[in-house]
Amino acid sequence: ILNVEQSPQSLHVQEGDSTNFTCSFPSSNFYALHWYRWETAKSPEALFVMTLNGDEKKKGRISATLNTKEGYSYLYIKGSQPEDSATYLCAFGINTGGFKTIFGAGTRLFVKA
Amino acid sequence: DTEVTQTPKHLVMGMTNKKSLKCEQHMGHRAMYWYKQKAKKPPELMFVYSYEKLSINESVPSRFSPECPNSSLLNLHLHALQPEDSALYLCASSQGQQETQYFGPGTRLLVL
């Protein structure tokens with residue numbers, strides 16, 4: 001059974017705090033690692049896709065890193081704002097002769113003004 | 001147009017009802033997906049269509065029946081569902097199965 005683990009499950013921070021979350025995934029048959037941002041009552045929105053060990057991606061105050069050898073990715077948010085409040089989903093793309101994407105349960109971020 | 005639309009937004013149905021969920025995208029994507037998500041759990045893949053053909057069925061019970069009438073549309077036909085099938089049903093599409101997926105807002109289903 002292939003599992004993607006995300007921690008923490010939820011996180012409460014103050015506006016201006018920097019924060020980070022972890023995504024752990026199996027290191028075999030790796031194809032890609034995706035991060036999505038999911039606001040309540042909206043569609044999940046793609047943030048990053050990373051394919052190579054050591055990849056780092058950045059979008060404004062949000063950045064992500066990838067370690068495929070040990071099977072983890074970090075998502076960092078610098079100077080959290082209330083509008084960053086959302087669930088951050090990690091998804092592991094696997095190639096076992098066909099492509100499939102396995103999602104984690106997400107980290108729910110609450111940013112208080 | 002980078003939007004995936006889903007209808008209806010909410011659906012309440014009895015265990016003997018037949019209903020359908022609809023999903024539409026006009027991005028020219030060739031892969032479309034159905035996911036089921038229960039509260040605080042990961043979205044679980046149900047079906048994948050690639051070039052309008054079913055390519056993955058994750059051992060989903062036959063009371064869920066997918067249909068891809070054309071490259072822009074994906075339906076999920078529901079019949080004789082159980083209360084435990086109550087969940088958020090998400091549709092997604094991507095250029096290819098290995099690419100980033102674009103999601104709809106979901107249909108929240110309640111089976112009574």
Side-chain angles (χ1 to χ4, degrees), chain A residues 1-11 21 23-26 29-52 55 57 59 64 66 86-110, chain B residues 1-10 21 23-27 29-51 53-60 74 87-108:
Chain A
I1 295 177
L2 297 168
N3 279 327
V4 176
E5 302 289 338
Q6 289 192 247
S7 63
Q9 191 173 40
S10 66
L11 193 54
F21 329 131
C23 171
S24 301
F25 52 88
N29 302 117
F30 174 87
Y31 182 81
L33 194 285
H34 302 260
W35 282 99
Y36 291 86
R37 179 172 179 274
W38 193 3
E39 289 183 72
T40 303
K42 294 189 178 179
S43 309
E45 174 195 352
L47 285 174
F48 304 114
V49 57
M50 295 177 286
T51 56
L52 297 175
D55 263 356
K57 293 282 177 90
K59 191 176 187 178
L66 177 66
T87 296
Y88 291 83
L89 287 173
C90 159
F92 164 62
I94 187 172
N95 183 2
T96 53
F99 293 99
K100 216 156 84 164
T101 304
I102 300 164
F103 281 82
T107 292
R108 184 79 173 90
L109 175 66
F110 301 87
Chain B
D1 182 4
T2 58
E3 195 180 13
V4 176
T5 58
Q6 288 187 245
T7 55
K9 282 188 170 40
H10 302 273
L21 309 186
C23 174
E24 190 167 0
Q25 57 89 14
H26 294 287
M27 293 178 276
H29 289 171
R30 307 311 301 211
M32 294 187 78
Y33 311 79
W34 281 115
Y35 288 89
K36 173 183 175 181
Q37 201 226 6
K38 295 267 209 181
K40 297 187 181 179
K41 299 286 187 185
E44 288 178 15
L45 184 65
M46 299 174 73
F47 302 105
V48 181
Y49 272 81
S50 181
Y51 289 87
K53 290 190 181 344
L54 184 64
S55 66
I56 295 177
N57 175 344
E58 290 287 278
S59 303
V60 179
L74 186 65
L88 179 70
Y89 288 84
L90 287 164
C91 173
S93 71
S94 62
Q95 189 60 44
Q97 280 185 241
Q98 68 274 33
E99 307 286 343
T100 296
Q101 294 176 28
Y102 291 75
F103 283 85
T107 293
R108 191 159 295 282

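Naming convention: chains lettered A, B, ... in sequence-line order (proteins, then strands); numbering from 1 in each chain.
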Donor-acceptor pair, side chain of A/Lys57 and main chain of A/Val49, under 3.5 angstrom
yes

Discussion item. Whether the side chain of B/Gln98 engages the backbone of A/Phe99 through a donor-acceptor N/O pair (distance < 3.5 Å, no angle test) should be reported.
Written reply: no

Max heavy-atom pairs within cutoff under 4.5 Å with chain B, candidates A/Ala41, A/Gly104, A/Gly106, goes to A/Gly104

Do A/Tyr31 and A/Thr101 come close enough that some side-chain heavy atom pair is under 4.5 Å? no

For B/Ser94 and B/Gly96 the tightest heavy-atom approach is OG-O, 2.7 Å

Discussion item. Within the structure provided, determine whether A/Tyr88 and A/Leu47 are in side-chain contact (heavy-atom separation under 4.5 Å).
Written reply: yes

Ordered numerically, the heavy-atom neighbours of chain A under 4.5 Å found in residues 41-49 of chain B are B/Lys41, B/Pro42, B/Pro43, B/Leu45

If one checks every heavy atom of A/Thr51 against chain B at 4.5 Å, the contacting part turns out to be neither

Okay, B/Gln37 and chain A: the region with an atom under 4.5 Å from a heavy atom over there is side chain

B/Cys23 and B/Val4 have their tightest heavy-atom pair at SG-CG1, 3.6 Å

Chi angles and distances behind the ring pair (Phe, Tyr, Trp, His ring centres under 6.0 Å) call for A/Phe103, B/Tyr33: CA-CA 13 Å; A/Phe103 281 82; B/Tyr33 311 79; 9.3 Å; no

Of A/Glu45, A/Arg108, A/His34, the largest count of non-hydrogen pairs under 4.5 angstrom with chain B goes to A/His34

Hits for ring-ring contact (aromatic ring centres under 6.0 Å, His included) against A/Phe25, two or more places apart or cross-chain, chain-then-number order -> A/Phe30, A/Phe92

When the 4.5 angstrom heavy-atom criterion is applied to B/Tyr35 and chain A, the contacting part is side chain

